[in-house]
Amino acid sequence: MAFVQNVPFFSIMISMFAGIVSSVLSAKTARRLNIIATVTIGLLSVWLLVFLIQSDIGSYTYMMGHFPAPWGNEIRAGVLEALMAIVFCVIMLLSLLGGLHKLAEEVAPAKENIFYILVDLLLGSLLALIYTNDIFTAYVFVEINTLAACGLIAIRETGRTFEAAVRYMIMSLLGSGLLLMGICMLYDMTGHLLMSNMKASIDVIMQEGTYAVPMLITIGLMVVGLAIKSALFPFHAWLPDAYGYSTISSAAMLSSLVSKGYIFLLVKIFYRVIGLEYITESHVLNIIFWFAITGMIFGSVNAIWEKDIRRMVAFSSVAQIGYIYMGFGLGTEAGIIASVYHMLMHSATKSMLFISAMGLTDVSGKNRDFFALTGAGYRNKVAGAGFLVGSLSMVGIPIFAGFVSKLLFAEAAISGASWRMFPAIITLGISTILNAVYFMKTVLRIYTPITKEEELEKGFVRIQWNQQKIYTVAIILFILLNVFLGTNSKPILQMIEVGLHNFM
Amino acid sequence: MIGLNWLPNFGEEVAMILFGIGFANLLFQKNLIKKIIGFNIMDTAIFLFLAEKGYITGRVAPIVVDGVQSVEKYINPVPGGLVLTGIVVSVSVSAVMLSLTMRLYKRYGTLDLDEISAQLRKEGR
């Protein structure tokens, strides 16, 4: 075994230990440790990805502890896992850097190192969700992820964030209760906890035709449980408050990473545990499909009505989660590839939108009202550029990432050749138009000039790029990442496809 | 469907009913403490379900005492391990929920989540 194959284990351990050590460090050291850990894990994952592409093993399992397959715990790594780990690390780092200068005013100084503990734990649990091959371990890390996310919402310590955190926890606990019940029923039917062994038993069970009803219920419980946790419409009520009032780095991380971790677990369950053909047969996907379609419209319509810019971006997340589940609902491999790509695109874009929205409100007297933002794009040019690129990407303009994912969804819907084709393609069209309405409306608003006198009268400030160097660098890297995803979609899609094939 | 297995599986049936009760309480109760109680009932129901599934009638706990090493003599120990892990998760989640509830109660003087939301809206932030 090559040394590089230890990388998944090292990644999880580095982030977890960074979290543990941070509890006794000062805020400044904890921040440094967090950044070093994230960069290290990112670089290690790049190493792993290069190794996996060059060698012909495709994917491998890694024994945790000294017990072999049916008893012990396992990690599994492939091209797709390594790719997700890299993207998660990059976005986590950029979200943190983008919100860094705001952290001091958002979080009490004594609690700042707790923020970094939570970020470390969040990264660790996401990596574990990506790599684990054991479904009960996945459940435990789902809960760690939820707790870390709850902490990230509540750390701002205002009444709003406590309420948002409680609402978030309630919905999440409902979801994880259902997920745990599903996992227990699956364990009872198969007698295994490792995903590959479960798959083998399920194949036998399904061919013999026993346990058809319990299996249907199990699939339903797990899919709905994870859908609740990742805020699929109509389970999204907690989302606008949680994303709208938490610290800016938390909002960027929550919207771009936390829900994606659950969705990635769902993809693993589809491919590695139950098998896509049984999932498609079970008709659970039909329910998800209709929820997703409604969510795509509903989220966008709510975003149009919303006057608070951060809540608008949050409602846009509801619509985008709808897109991802719509891809699953199509039930074809093309749909799932499109969804996985959309996950990457949405993580990269939504975190950038949150961070640039913060830059825009900062130069408008901290006023988040839509009309207060008039001309904000001139007052903070960096944030304006970030918001413009993010909006264009969300609407689906070529060379940005959003275009590719919209194209993939349309192709997947057309090639699907089932009754789902028409609703999918029509909703895609309507939702794109609605996206364009609220994003372009905001872009026009921030680039509508106001006079110097008005600016002075309202107490608005101007921020040049060199006043916030880290912020500027973060936004530029975000823009480059977006363009990179948009222009290099072919190798990335190949990796996703190979990775999904290796899942089986 | 309902027939021979109805009686021997009553433990699982009770677990499912409790799960439903807990789930409904967590979802529909307005009082935060009652919600947390509902959550605990829900999780405990899952643990009951697991324990029931791990038990095999007529066998004993998997601890070798008399040198009997035959697999046929013992029950499945894995669900027990899962229950323990689940309890740890459940306890930590309850602790976080209770501490959040305390903070909200100190600030707003009520445990009713809807009333807290109404007060927040009145504050206008």
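Order of the sequence lines sets the chain letters (A, B, ...), proteins ahead of strands, with each chain counted from 1. Quick note: numbers below take in every heavy atom, side chains included, and nothing from hydrogens, waters or symmetry partners.
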Practice problem: Sort B:V89 into side chain, backbone, both or neither according to what part of it lies under 4.5 angstrom from a heavy atom of chain A. | Solution: side chain
Exercise. Kindly indicate whether the side chain of B:K35, heavy atoms from C-beta on, has any atom under 4.5 Å from the side chain of A:L173.
Key: no
Quiz prompt | Under 4.5 Å from a heavy atom of chain A, the part of B:S90 involved | solution = neither
Quiz item: What heavy-atom pair brings B:S117 and A:R167 nearest, and what distance separates the two atoms?
Solution: OG-NH2, 2.8 Å
Quiz prompt | Atom group of B:L82 that falls short of 4.5 Å from chain A, counting heavy atoms | solution = both
Quiz item: For B:L32, is it the side chain, the backbone, both or neither that has a heavy atom under 4.5 Å from a heavy atom of chain A?
Solution: side chain
Practice problem: Run through B:L100, B:T101, B:I116 and flag the one making a side chain to side chain contact (heavy atoms under 4.5 Å, CB included) with A:F162. | Solution: B:L100
Practice problem: Drop me the distance from A:E143's CD to B:T85's OG1, to the nearest 0.5 angstrom. | Solution: 12.5 Å
Practice problem: Identify the two heavy atoms, one from B:I46 and one from A:G177, that lie closest to each other, and give their separation to 0.1 Å. | Solution: CD1-O, 3.6 Å
Quiz item: How about A:M185 and B:K53: do any of their side-chain heavy atoms sit closer than 4.5 Å?
Solution: no
Quiz item: Picking from B:I36, B:L27, B:D43, B:V88, which has the most non-hydrogen pairs under 4.5 angstrom with chain A?
Solution: B:L27
Quiz prompt | Contacting region of B:F23 [heavy-atom separation from chain A under 4.5 Å] | solution = both
Practice problem: Identify which part of A:L178 has an atom lying under 4.5 Å from any heavy atom of chain B, answering side chain, backbone, both or neither. | Solution: both
Exercise. Look up atom CG in A:L180 and atom CE in B:M42, then write down how far apart they are to the nearest 0.5 Å.
Key: 8.0 Å
Quiz item: Non-hydrogen atoms of chain B under 4.5 Å away: do they reach the side chain of A:L174, the backbone, both or neither?
Solution: both
Exercise. Kindly give the heavy-atom pair with the smallest separation between A:G159 and B:L120, and that separation in Å.
Key: C-CD2, 3.8 Å
Quiz item: Are A:E157 and B:R103 side-chain neighbours, meaning at least one heavy-atom pair lies under 4.5 Å?
Solution: yes
Quiz item: Top residue by heavy-atom pair count (under 4.5 Å) with chain B, among A:D308, A:D241, A:I170?
Solution: A:I170
Exercise. For B:M16 and A:M181, run side chain to side chain contact (heavy atoms under 4.5 Å, CB included): C-alpha distance rounded to whole Å, both residues' side-chain angles, the deciding distance at 0.1 Å, then the answer.
Key: CA-CA 10 Å; B:M16 285 298 166; A:M181 199 75 212; 3.0 Å; yes
Quiz item: Which bit of B:L50 is near chain A, if near means a heavy-atom gap under 4.5 Å: side chain, backbone, both or neither?
Solution: side chain
Quiz prompt | Gap separating the SG atom of A:C184 from the CD atom of B:E52, nearest 0.5 angstrom | solution = 13.0 Å
Quiz item: Is the count of non-hydrogen atoms from other residues, nucleotides or ligands lying under 6.0 Å from A:Y211 atom OH greater than 12?
Solution: no
Self-check item: Residue among B:G22, B:A45, B:G54, B:P79 with most heavy-atom pairs under 4.5 Å to chain A
Solution: B:P79
